[in-house]
Amino acid sequence: MNYWLIKSEPFVFSYDKLVADGKSMWDGVRNYQARNNLRAMREGDLALFYHSNEGLAVVGVAQIIAEAYPDPTADSGDWSAVDVAPYRKLNQPVPLALIKATPELQDIGLVRNPRLSVMPLSSEAFSKILELGQTDI
DNA sequence: GCCAACGTTGGC
DNA sequence: GCCAACGTTGGC
(Lines give C-alpha, C1' and ligand atoms only; values in the text may rest on other atoms or scores of the structure.)
Protein backbone atom coordinates (compact mmCIF):
# COMPACT_ATOMS: atom_id res chain seq x y z
CA MET A 1 0.00 0.00 0.00
CA ASN A 2 1.37 3.38 -1.03
CA TYR A 3 0.29 6.78 0.20
CA TRP A 4 -0.01 9.96 -1.85
CA LEU A 5 -1.07 13.53 -1.73
CA ILE A 6 -2.91 15.07 -4.65
CA LYS A 7 -3.75 18.73 -5.06
CA SER A 8 -6.67 20.44 -6.66
CA GLU A 9 -7.94 23.96 -6.77
CA PRO A 10 -11.37 23.68 -5.16
CA PHE A 11 -13.07 25.99 -7.65
CA VAL A 12 -11.86 23.70 -10.42
CA PHE A 13 -12.49 20.39 -8.68
CA SER A 14 -13.21 20.06 -4.97
CA TYR A 15 -13.41 17.06 -2.69
CA ASP A 16 -17.13 17.64 -2.31
CA LYS A 17 -17.45 17.41 -6.07
CA LEU A 18 -15.61 14.10 -5.99
CA VAL A 19 -18.09 12.87 -3.36
CA ALA A 20 -21.00 14.11 -5.45
CA ASP A 21 -19.66 12.46 -8.61
CA GLY A 22 -18.71 9.20 -6.88
CA LYS A 23 -15.45 8.98 -8.82
CA SER A 24 -13.32 11.01 -11.16
CA MET A 25 -10.61 10.75 -13.73
CA TRP A 26 -7.49 12.49 -12.42
CA ASP A 27 -6.21 14.09 -15.60
CA GLY A 28 -4.44 17.17 -16.84
CA VAL A 29 -1.15 16.52 -15.11
CA ARG A 30 1.59 18.11 -17.25
CA ASN A 31 4.63 17.71 -15.10
CA TYR A 32 6.98 14.78 -15.48
CA GLN A 33 7.61 14.21 -11.81
CA ALA A 34 3.90 14.30 -11.05
CA ARG A 35 3.21 12.00 -14.00
CA ASN A 36 5.76 9.49 -12.79
CA ASN A 37 4.09 9.55 -9.40
CA LEU A 38 0.73 8.87 -11.05
CA ARG A 39 2.26 5.87 -12.80
CA ALA A 40 3.57 4.50 -9.53
CA MET A 41 0.07 4.46 -8.04
CA ARG A 42 -1.56 1.09 -7.51
CA GLU A 43 -5.20 0.23 -7.24
CA GLY A 44 -6.28 0.55 -3.63
CA ASP A 45 -3.66 3.16 -2.69
CA LEU A 46 -4.89 6.07 -0.63
CA ALA A 47 -4.27 9.74 -1.39
CA LEU A 48 -4.81 12.77 0.74
CA PHE A 49 -6.82 15.39 -1.09
CA TYR A 50 -5.42 18.89 -0.70
CA HIS A 51 -7.16 22.11 -1.70
CA SER A 52 -4.67 24.61 -3.10
CA ASN A 53 -5.13 28.33 -3.67
CA GLU A 54 -8.35 28.48 -1.72
CA GLY A 55 -8.90 26.48 1.41
CA LEU A 56 -5.23 25.56 1.75
CA ALA A 57 -5.99 22.41 3.64
CA VAL A 58 -6.11 18.65 3.38
CA VAL A 59 -9.83 17.94 3.38
CA GLY A 60 -10.26 14.26 2.63
CA VAL A 61 -8.87 10.92 1.54
CA ALA A 62 -9.32 9.49 -1.93
CA GLN A 63 -8.67 5.97 -3.18
CA ILE A 64 -7.03 5.02 -6.44
CA ILE A 65 -9.51 2.83 -8.30
CA ALA A 66 -7.76 2.58 -11.68
CA GLU A 67 -4.04 2.62 -12.37
CA ALA A 68 -2.38 4.92 -14.91
CA TYR A 69 -3.63 4.94 -18.49
CA PRO A 70 -2.99 7.47 -21.29
CA ASP A 71 -4.53 10.84 -20.47
CA PRO A 72 -7.32 11.37 -23.02
CA THR A 73 -7.15 15.14 -22.48
CA ALA A 74 -3.57 15.30 -23.78
CA ASP A 75 -3.46 16.10 -27.50
CA SER A 76 0.26 15.42 -27.66
CA GLY A 77 2.97 14.06 -25.45
CA ASP A 78 3.16 11.11 -23.14
CA TRP A 79 0.84 11.80 -20.21
CA SER A 80 -1.11 9.69 -17.80
CA ALA A 81 -4.32 9.78 -15.80
CA VAL A 82 -5.73 7.62 -13.01
CA ASP A 83 -9.21 7.20 -11.57
CA VAL A 84 -9.97 8.15 -7.99
CA ALA A 85 -12.97 7.75 -5.71
CA PRO A 86 -13.82 9.43 -2.40
CA TYR A 87 -12.79 7.33 0.58
CA ARG A 88 -13.25 9.38 3.74
CA LYS A 89 -13.79 13.06 4.41
CA LEU A 90 -11.67 14.41 7.28
CA ASN A 91 -13.62 15.33 10.40
CA GLN A 92 -11.37 18.33 10.68
CA PRO A 93 -9.57 19.88 7.67
CA VAL A 94 -5.81 20.09 8.20
CA PRO A 95 -4.57 23.51 7.10
CA LEU A 96 -1.20 24.03 5.44
CA ALA A 97 -0.17 26.30 8.30
CA LEU A 98 -0.68 23.44 10.77
CA ILE A 99 1.27 21.03 8.57
CA LYS A 100 4.14 23.53 8.41
CA ALA A 101 3.99 23.94 12.17
CA THR A 102 4.17 20.19 12.81
CA PRO A 103 7.76 18.97 13.31
CA GLU A 104 7.06 15.44 11.98
CA LEU A 105 5.76 16.88 8.70
CA GLN A 106 8.67 19.12 7.77
CA ASP A 107 9.99 16.67 5.17
CA ILE A 108 6.88 16.04 3.13
CA GLY A 109 6.70 17.19 -0.48
CA LEU A 110 3.98 19.71 0.24
CA VAL A 111 6.43 21.62 2.42
CA ARG A 112 9.62 20.88 0.47
CA ASN A 113 8.29 21.34 -3.04
CA PRO A 114 4.98 23.17 -2.83
CA ARG A 115 4.46 23.27 -6.59
CA LEU A 116 4.34 19.55 -7.21
CA SER A 117 0.75 18.43 -7.72
CA VAL A 118 1.09 14.67 -7.10
CA MET A 119 3.54 13.46 -4.49
CA PRO A 120 4.29 10.38 -2.40
CA LEU A 121 3.84 10.37 1.37
CA SER A 122 5.35 8.10 3.97
CA SER A 123 2.85 6.04 5.95
CA GLU A 124 4.01 7.99 9.03
CA ALA A 125 3.22 11.35 7.44
CA PHE A 126 -0.08 10.02 6.14
CA SER A 127 -1.09 8.79 9.62
CA LYS A 128 0.04 12.00 11.24
CA ILE A 129 -2.14 14.12 8.98
CA LEU A 130 -5.12 11.84 9.61
CA GLU A 131 -4.50 12.24 13.32
CA LEU A 132 -4.44 16.03 12.95
CA GLY A 133 -7.68 15.71 11.00
CA GLN A 134 -9.18 13.68 13.87
CA THR A 135 -10.07 10.91 11.46
CA ASP A 136 -9.71 7.15 11.68
CA ILE A 137 -9.77 5.06 8.56
C1' DG B 1 -2.23 41.31 -6.91
C1' DC B 2 2.47 40.37 -5.98
C1' DC B 3 6.39 37.66 -5.97
C1' DA B 4 9.32 33.55 -5.21
C1' DA B 5 10.34 28.99 -6.82
C1' DC B 6 10.51 25.86 -10.13
C1' DG B 7 10.18 23.72 -14.82
C1' DT B 8 10.59 24.26 -19.67
C1' DT B 9 12.13 26.31 -23.84
C1' DG B 10 15.30 27.93 -27.10
C1' DG B 11 19.55 30.37 -28.59
C1' DC B 12 24.30 29.85 -28.74
C1' DG C 1 25.12 20.91 -23.27
C1' DC C 2 24.82 25.26 -20.88
C1' DC C 3 22.27 29.05 -19.39
C1' DA C 4 19.18 32.97 -19.80
C1' DA C 5 14.42 34.04 -20.51
C1' DC C 6 9.96 33.03 -19.93
C1' DG C 7 5.61 30.88 -18.16
C1' DT C 8 3.15 28.71 -14.45
C1' DT C 9 2.04 27.57 -9.87
C1' DG C 10 0.69 28.69 -5.46
C1' DG C 11 1.38 30.96 -0.90
C1' DC C 12 0.92 35.29 1.17
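Predicted model only: the values in this text are computed from it and were never measured.
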Output side-chain donor-acceptor pairs under 3.5 Å for residues 111-126 of chain A, partner residues at least two apart or in another chain, one line each.
residue: A:Arg112; atom: NH1; partner: A:Asp107; partner atom: O; Å: 2.6
residue: A:Asn113; atom: OD1; partner: A:Arg115; partner atom: N; Å: 3.4
residue: A:Ser122; atom: OG; partner: A:Ala125; partner atom: N; Å: 3.0

Give the B/S/- string for nucleotides 5-12 of chain C, one per nucleotide from 5' to 3', where a protein heavy atom under 4.0 Å of the base yields B, of only the sugar-phosphate yields S, and otherwise -.
-> ---BBBSS
Mind checking what makes salt bridge (Lys or Arg N to Asp or Glu O under 4.0 Å) contact with A:Glu131, not counting sequence neighbours?
-> A:Lys128
Set of residues satisfying ring-ring contact (aromatic ring centres under 6.0 Å, His included) with respect to A:Trp26, sequence neighbours excluded = A:Phe49
Looking at residues at least two apart in the chain, or sitting in another chain, which of them share a ring-ring contact (aromatic ring centres under 6.0 Å, His included) with A:Tyr32?
-> A:Trp79
Sequence neighbours excluded, which residues qualify as ring-ring contact (aromatic ring centres under 6.0 Å, His included) partners of A:Tyr87?
-> none
